[in-house]
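Predicted, not measured: the structure shown is a model, and the values here were computed from it.
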Amino acid sequence: MTAEAPSTAELLLSRIRDVADYPKPGVLFKDITPLLADPEAFGVLTDELAGLCAAHGATKIVGLEARGFILAAPVAVRAGLGFIPVRKAGKLPGATLRQAYELEYGTAEIEVHAEDLNAGDRVMVIDDVLATGGTAEASIELIRRAGAEVAGVAVLMELGFLPGRARLEPVLGDAPLTALITV
């Protein structure tokens, strides 16, 4: 008798560690570093995200600072697409497009190099976690302001108890939002 292979979601979830009371008391942090350290799980994750890029006709990939960089860069290589970092304001040299967004207690800004996105580009946004959706929403606005189209948003994990999906749905239009795991 042979054991069945775990599903992709089961494999990925089994490599995510819960850390209680981090970064502050009462928070259960989902640590993806064990997943990244496991070449099988990281490879499966990269393949899944690259497949989504192909399925949605992406021509470029945007990774959101900072853990989104870790996921999006190998996906771009695997998919044969360009990788574009979306950074916190003030971290990119040269001409940038900047987008402000609301946080729970204030505002933040992200930037992208102005010349990295063009009309005709179909951009897949990749990040590790969808929580409140503020950074993803701001990245969608940046992509559209650059004249490019949003091919979709893909995340490893969606925190289903937070309003990220509800926040993004009105701005996504026809672009899909895919979470490989929902917790």
Shortest non-hydrogen contact from [X] to [Y]?
X      : Y      : result
Thr135 : Tyr101 : OG1-OH, 3.1 Å
Pro23  : Val27  : CD-CG1, 3.9 Å
Gly57  : Arg122 : O-NE, 3.2 Å
Ala79  : Ala50  : CB-CB, 4.2 Å
Ala72  : Phe83  : CB-CE1, 3.5 Å
Arg167 : Gly133 : CD-C, 3.9 Å

Measuring from atom [atom1] of [X] to atom [atom2] of [Y], what distance do you get when rounded to the nearest 0.5 angstrom?
X      : Y      : atom1 : atom2 : value
Cys53  : Leu81  : SG    : CG    : 6.0 Å
Leu97  : Arg144 : CG    : CZ    : 14.5 Å
Met157 : Leu13  : CE    : CG    : 8.0 Å
Leu35  : Glu40  : CG    : CD    : 10.5 Å
Leu36  : Leu45  : CG    : CG    : 8.0 Å
Glu137 : Thr132 : CD    : OG1   : 9.5 Å

[X] versus [Y]: any side-chain heavy-atom pair under 4.5 Å?
X      : Y      : answer
Leu180 : Leu49  : yes
Val153 : Leu130 : no
Asp31  : Asp18  : no

Is [Y] reachable from [X] through a run of hydrophobic residues whose side-chain heavy atoms are each under 4.5 Å from the next?
X      : Y      : answer
Leu71  : Met124 : yes
Val125 : Ile84  : yes
Val183 : Val155 : no
Ile181 : Val19  : no
Phe161 : Leu156 : yes

Show, in sequence, the C-alpha distance, side-chain angles and deciding distance for Leu168 and Ile140, and conclude whether the side chain to side chain contact (heavy atoms under 4.5 Å, CB included) test is met. CA-CA 9 Å; Leu168 291 183; Ile140 290 168; 4.2 Å; yes
With salt bridge (charged side-chain N to carboxylate O under 4.0 Å, His left out) as the criterion, how do Arg98 and Glu111 come out once you've worked through the C-alpha distance, each side chain's angles and the decisive distance to 0.1 Å? CA-CA 4 Å; Arg98 182 179 289 193; Glu111 293 179 328; 2.6 Å; yes
Strictly distance-based, threshold 3.5 Å: is any side-chain N or O of [X] a donor or acceptor partner for the main-chain N or O of [Y]?
X      : Y      : value
Arg67  : Asp128 : no
Lys60  : Asn118 : no
His113 : Pro93  : yes
Glu65  : Lys88  : yes

Can you confirm whether Asp174 is buried at CG, in the sense that more than 12 heavy atoms of other residues, nucleotides or ligands lie under 6.0 Å from that atom? no
Phe29 CZ: over 12 foreign heavy atoms closer than 6.0 Å: yes
Might you work through the side chain to side chain contact (heavy atoms under 4.5 Å, CB included) test for Val75 and Thr46, ending with a clear yes or no? CA-CA 5 Å; Val75 170; Thr46 301; 4.1 Å; yes
